[in-house]
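Here the structure comes first, spelled out in structure tokens, and everything after it is commentary.
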Amino acid sequence: MLTITVSVGDRVVAKATAGNVSNLADISDYEVRTVEQGYAPLQIPYSHTKGKILGHQRSSSVWSLVGKIAELALKEEGDV
């Protein structure tokens, strides 16, 4: 499972997890959950998403998967 934590200073403002649901196949599918904690001083609202990333090339950089997770969260929240 990949876990992403986003902090501003000492405060955690967002987290995401991506669990491989395809037995670590070369081309893998992931179940994703994201949450933004909400932090009024930075105008960050609370939000959460669930979704899937399908057909990810596991041998690619981890940043490729992180980018897909961010895109999924933004799309689900209507920010894209």
Side-chain angles (χ1 to χ4, degrees):
M1 175 163 312
L2 176 67
T3 302
I4 303 163
T5 303
V6 179
S7 299
V8 176
D10 291 335
R11 183 172 186 95
V12 173
V13 295
K15 288 187 176 186
T17 59
N20 188 301
V21 294
S22 51
N23 244 2
L24 300 176
D26 290 344
I27 305 296
S28 282
D29 299 334
Y30 294 84
E31 288 186 352
V32 176
R33 295 176 187 261
T34 69
V35 64
E36 287 186 80
Q37 307 296 343
Y39 186 48
L42 295 178
Q43 299 178 333
I44 298 172
Y46 172 84
S47 67
H48 69 281
T49 61
K50 290 191 321 184
K52 292 187 178 190
I53 294 173
L54 304 175
H56 176 73
Q57 179 69 46
R58 237 177 30 88
S59 64
S60 63
S61 168
V62 68
W63 295 113
S64 174
L65 183 56
V66 170
K68 290 176 183 180
I69 293 166
E71 286 178 22
L72 176 71
L74 290 170
K75 181 180 174 186
E76 293 294 317
E77 290 301 315
D79 289 340
V80 172

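- Note that the NZ atom of Lys50 and the OG1 atom of Thr17 stand 11.0 Å from one another [nearest 0.5 Å].
- Between the CG atom of Asn20 and the CD1 atom of Ile53 there is a distance of 11.0 Å, given to the nearest 0.5 Å.
- Leu24 and Val62 fall into different hydrophobic clusters, where Ile, Leu, Val, Met, Phe, Trp and Tyr residues are linked whenever their side-chain heavy atoms come under 4.5 Å apart, directly or through other members.
- Few gaps surround CZ on Arg58; more than 12 heavy atoms of other groups in view lie less than 6.0 Å from it.
- Cluster membership for Ile69 and Val6, using ILVMFWY side-chain heavy atoms within less than 4.5 angstrom, is shared.
- In the hydrophobic cluster analysis, where Ile, Leu, Val, Met, Phe, Trp and Tyr join through side-chain heavy atoms closer than 4.5 angstrom, Leu72 is grouped together with Val66.
- Ser22 contributes a side-chain N or O that, together with a main-chain N or O of Asp29, makes up a donor-acceptor pair within less than 3.5 Å.
- Contact check for Val32 versus Lys68: no side-chain heavy atoms found under the 4.5 Å cut-off.
- Side-chain contact between Ile4 and Thr34 is absent, with no heavy atoms from C-beta onward closer than 4.5 Å.
- Summarising the geometry, atom CG belonging to Asp26 is positioned 11.0 Å from atom OG belonging to Ser60; distances are rounded to the nearest 0.5 Å.
- Considering every non-hydrogen atom in both Ala14 and Glu36, the closest pair reads CB-CG, 4.0 Å.
- Cluster annotation: Val12 and Ile44 are assigned to distinct hydrophobic clusters (Ile/Leu/Val/Met/Phe/Trp/Tyr, side-chain heavy-atom contacts under 4.5 Å, transitive).
- Considering only heavy atoms from C-beta on, Tyr30 comes within 4.5 Å of Leu65 through its side chain.
- Closest approach of Tyr39 and Arg11 over heavy atoms only: CD1-NE, 2.8 Å.
- Distance check, rounded to the nearest 0.5 Å: NZ of Lys75 to OG1 of Thr49 gives 12.0 Å.
- A donor-acceptor pair is defined here as one N or O able to donate and one able to accept, closer than 3.5 Å; no such pair exists between the side chain of Asn23 and the backbone of Ala25.
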